[in-house]
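Here is the structure we will look at.
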Amino acid sequence: MKVLLRLVCIVLGGLALSFVVTKVVLVPVGHWYEMSKAQSESDLTRAFALALAVQVSCAVVGGWLGDRLFRRWRWKPSGRE
């Protein structure tokens, strides 16, 4: 049960951080770039690949943060009575 709960925390952390970064940063920047700076399809393809790389890295960092939060939550001080 502990392993399953840890896995759920990792997945939820990855999904949450990836979702937040996508909605707050990537979508507005993508719209701005598409409307004002992109001049061809290759520019849009590069921007899409970069956004995908950022989203994957955010999912990995979010999973790491989810694991850290799980470990902190499960940590119990041994000196308590």
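In the hydrophobic clustering of this structure, V54 groups with L17; members are Ile, Leu, Val, Met, Phe, Trp, Tyr whose side-chain heavy atoms approach within less than 4.5 Å, directly or through other members. By the rule that hydrophobic residues join a cluster once side-chain heavy atoms approach within less than 4.5 Å of another member, L26 and V61 end up as members of one cluster. The cluster map of Ile, Leu, Val, Met, Phe, Trp and Tyr, joined by side-chain heavy atoms under 4.5 Å apart, puts F19 and W64 in different clusters.
For the side chain to side chain contact (heavy atoms under 4.5 Å, CB included) with Q55, the qualifying choice from V60, L50, V21, T22 is T22, the only one to do so.
A salt bridge is absent between K37 and D43: the closest approach of a Lys/Arg side-chain nitrogen to an acidic carboxylate oxygen does not fall below 4.0 angstrom.
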**Item:** Verdict with supporting geometry, F48 and E34, side chain to side chain contact (heavy atoms under 4.5 Å, CB included)
**Value:** CA-CA 10 Å; F48 178 75; E34 182 179 0; over 6 Å; no
**Request:** In sequence, state the C-alpha distance, the side-chain angles, and the governing distance for L5 and W73, and then conclude on side chain to side chain contact (heavy atoms under 4.5 Å, CB included).
**Result:** CA-CA 11 Å; L5 188 59; W73 175 59; 3.3 Å; yes
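Taking CZ from R74 and CG from L69, the interatomic distance works out to 14.0 Å, rounded to the nearest 0.5 Å. The CZ atom of R68 sits 14.0 Å away from the SG atom of C9 when rounded to the nearest 0.5 Å.
When all heavy atoms of C58 and S18 are compared, the pair lying nearest together is CB-CA, 4.2 Å.
Side-chain atoms of Y33 and R46, non-hydrogen and from C-beta on, never get closer than 4.5 Å to each other.
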